[in-house]
Amino acid sequence: MTTAPAHPPAHPARPRGPRTTRRREQTRTRLLAAALELLAEQGLARSSVEGVCERAGFTRGAFYSNFASMDEVVAALFAQQAGRVLGHVRARLPRTGEPTGLPDLVARVLDLLPVDRQWLAVRAEFSAQALRNPAAAQVLTTAREELLTQLGPLLAEGLTRAGRTATAPATEVARAVLAAHEGATAPGAAAGGPGRGFEVRLLTAVLEAFSAPLPAGAR
């Protein structure tokens with residue numbers, strides 16, 4: 001007489017194909033877009049997993065198959081925004097040809113750091129939360145440092161093409177540029193600030209303070 005095994009053999013897991021991966025990525029993209037809208041409208045304290053799911057048209061199961069928590073969603077939004085900024089930088093900063101001069105570099109930098117009111121609202125609230133929440137502070141620090149690490153060398157290259165050389169580490173130049181831009185485009189400033197002309201003067205002053213003209217023979 002034979003006895004049945006105590007545990008039936010497990011079925012092998014089905015490999016994920018391109019279609020499954022593509023569908024999962026589409027779900028993640030829609031969840032992030034819904035979360036961005038909700039956070040901008042209601043703030044972090046009033047936003048919830050249920051709210052994101054309702055707006056995106058998905059179940060909680062779909063949410064938790066992509067994110068562990070709302071904190072993870074916010075971290076993903078920061079990473080997404082940093083990636084967009086870097087994409088604009090790589091595409092628009094001068095890389096070939098003769099030096100373009102500092103005014104052109106300033107104009108390019110302002111064009112690649114657009115003012116997104118929706119994102120400004122989320123950034124402001126998350127920055128405030130980071131003052132009280134160590135986990136949020138870590139998310140903010142990690143996203144910012146990654147952006148600075150990649151943005152710094154590209155700005156240094158842009159300065160060289162503009163006939164100048166950075167006089168500080170590349171990450172410090174990037175930090176100064178982002179600080180100036182964020183200060184000029186904070187939600188309050190964006191609503192009734194001094195406008196583009198002020199940003200141009202501010203960013204020009206920052207880049208001049210963190211760089212010097214290249215020697216004539218080095219241009």
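Numbering starts at 1 and runs along the sequence shown.
In this structure, CD in Q26 is found 12.0 Å from CG in L31, a value given to the nearest 0.5 Å. With rounding to the nearest 0.5 Å, the separation of CG in L155 from CG in L207 is 7.0 Å. With rounding to the nearest 0.5 Å, the separation of OG1 in T171 from CZ in R144 is 11.5 Å. Distance CG/L203 to NE2/H181: 9.5 Å, rounded to 0.5 Å. Taken to the nearest 0.5 Å, the CE atom of M70 stands 8.5 Å off from the CG atom of L77.
For E208, there are no side chain to side chain donor-acceptor pair (under 3.5 Å) partners at least two apart in sequence or on another chain. Applying the side chain to side chain donor-acceptor pair (under 3.5 Å) test to T142 and every residue at least two apart in sequence or in another chain returns Q138. For T27, there are no side chain to side chain donor-acceptor pair (under 3.5 Å) partners, not counting sequence neighbours. Not counting sequence neighbours, the partners of S211 by the side-chain contact (heavy atoms from CB on, under 4.5 Å) test are L159, R164. With sequence neighbours left out, Q42 forms a side-chain contact (heavy atoms from CB on, under 4.5 Å) with L38, R46, S47. Under the ring pair (Phe, Tyr, Trp, His ring centres under 6.0 Å) criterion, F67 pairs with F63, not counting sequence neighbours. Every residue meeting the side-chain contact (heavy atoms from CB on, under 4.5 Å) condition with A130, not counting sequence neighbours, appears here in chain and number order: A136, A137, L140. Taking the side chain to side chain donor-acceptor pair (under 3.5 Å) definition, one finds that R28 meets it with nothing, sequence neighbours left out.
Summarising the geometry of V173 relative to A168, their closest heavy-atom pair is CG2-O, 4.0 Å, with the distance given to 0.1 Å. Looking at every heavy atom in both residues, E199 comes nearest to A184 through CG-CB, 3.6 Å. Annotation for P153 and A170: closest pair N-CB, 3.8 Å, computed over non-hydrogen atoms.
Around CD of E146, the count of heavy atoms belonging to other residues, nucleotides or ligands within 6.0 Å does not exceed 12.
In this structure, the side chain of R161 does not engage the main chain of L105 through any donor-acceptor pair within 3.5 Å. Formation of a donor-acceptor pair under 3.5 Å by the T167 side chain with backbone atoms of F210 is found in this model.
Side chains of V52 and V73 form no contact here, defined as non-hydrogen atoms less than 4.5 Å apart. The shortest side-chain heavy-atom distance between L32 and L36 does not fall under the 4.5 Å cut-off. Residues Y64 and V49 are in side-chain contact: their nearest non-hydrogen atoms beyond the backbone lie under 4.5 Å apart.
Residues in residues 58-78 take part in these salt bridge (charged side-chain N to carboxylate O under 4.0 Å, His left out) pairs, two or more places apart or across chains: E50-R60. Every pair tested for salt bridge (charged side-chain N to carboxylate O under 4.0 Å, His left out) that includes a residue from residues 128-139 fails, sequence neighbours excluded, so the list is empty. Within the structure, salt bridge (charged side-chain N to carboxylate O under 4.0 Å, His left out) pairs that include any residue of residues 167-180 comprise E145-R175 (at least two apart or interchain).
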Self-check item: Audit row: L151, L178, side chain to side chain contact (heavy atoms under 4.5 Å, CB included) steps and yes/no
Solution: CA-CA 10 Å; L151 180 59; L178 285 181; 4.1 Å; yes
